[in-house]
Each structure stands twice: as C-alpha cells, then as structure tokens.
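Start at 1 and go down the list; that is how both ligands and their atoms are numbered.
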Amino acid sequence: MFIKTPQFIQSFFPSLVWEKDNSEKNIWLTFDDGPTPEITPFILQTLKDEDIKATFFLVGEQIETYPDLFQAIVKDGHLVANHSYSHKNGWISCNNTYLKDVEKCQKLMPKNKIFRPPYGKISPLQIKKINKKYRIILWDVLSWDFLANITPEKVKNNVLLNTKNGSIIVFHNNQKSFKNLKPILKNTIQELKKKGYNFSTTW
Ligand SMILES: [Zn+2]
C-alpha cells in the first residue's frame, strides 16, 4: 500500500491521479480485482438497483477465467479498466515483466486508457513508462473492505466520513470483501446520493 502523503508523492509524480476536480459534486466509485463469481453479480445488481455507473479495474487472468462476468460488466455500461494481467506487485517485479503484464491485460480491453497498479505499488520507472500510454489512477478514499476483521459498518463509515467532491473511492470486487460489502454497499450508495453526489466514470 502506498503510504498516503499525497502532497509529498504528488510533487514527485504529478502524473498520478489521487483525486479528481473538486469544483462539482462528482465522485468516482471504483472496484478493484475480479471478475469474481462470489461478488461481481451482487455488485452489478446493486449498481443497477441504484442506477449508477462505476469503474472496474479488472485482472486479465480473471477476465479470461470468467468471460461471461466480464461481458456482464460491459453490458451494464460500466467502465472496464486495466489492473494488470496477473496482479503483480510493482515493487518486487522486474520492469519488463511488469510492463508486459499490463499490456497482456490491455489486449482484453483495447480501448481502455487508465491503469491502477495492484496494491498501489509501482516504481518511479514503471510510472514513467506506463504514463506514456495510460493515466495512472490511485485513490483518496480507501474503504478497507478487504480486511478480514473490519466490520461492515466501519467500511461504510470510512467511505461516508472521507468522501468529498472529486473523491475516488476504492472497493474490492473480490471474495475477501464480499462479507463487508453485502450488508452496506447499497446503503452507502444511498447515503452518498443523499449528500448530493453524482457518480462519474469520466476520467
Ligand atoms: Zn488489486
């Protein structure tokens, strides 16, 4: 996980996107990992019920394993984006291998223009190379939904207390987060709507 000191990191890597324009009440819901049979249908149904769109940072090998789920995400009008082919940690991967892994995922979504590094871990050289082709999207609001011993209520509060205009919110489209999202995803979205936020997928 990136230690989040945005001003510090931002000054070295101005190209990294931690949050979006805050002049309007727009926020960006993002779901990392998957597609995953245990949770993707639940997320899609919730987004459909609430009539909003989100961005899915998907893992290439999961797309190939679950092509029908991938198609369901696309068909519902959500944005699919690159989260690498095999979810490598950039800090311990050789650059060539890492970049090839990103391109292997990209073949499955040729029109995509954004990338989120797995674990938020990416080296300066990798940033430089990847930025030639993609915008690198990080986040300002982490829900911590992947933690085994967090309560769903706490996940919801992490989101509601930290979201502001222009926020990029991270949930997870994986097995670990299902127990935490199932009870609260719908209500969290409803609370964000009550605060007047619009849900954008325009990057
Ligand atoms: Zn991930």
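- I168 is listed as a side-chain neighbour of R116, based on a closest heavy-atom distance under 4.5 Å.
- The N, O or S atom of D33 with the smallest distance to the Zn ion (ligand 1) is OD1.
- For the 3.5 Å distance criterion, the side chains of N112 and Q106 qualify, holding a donor opposite an acceptor.
- For the pair K88 and Y98, the cation-pi test (distance below 6.0 Å, angle within 45°) is failed.
- Taking the centre of each ring, F56 and H83 stay at or above the 6.0 Å mark.
- H87 contributes atom NE2 as its closest N/O/S atom to the Zn ion (ligand 1).
- Taking 2.8 Å as the criterion, D32 does not count as a coordinating residue of the Zn ion (ligand 1), since none of its N, O or S atoms falls below it.
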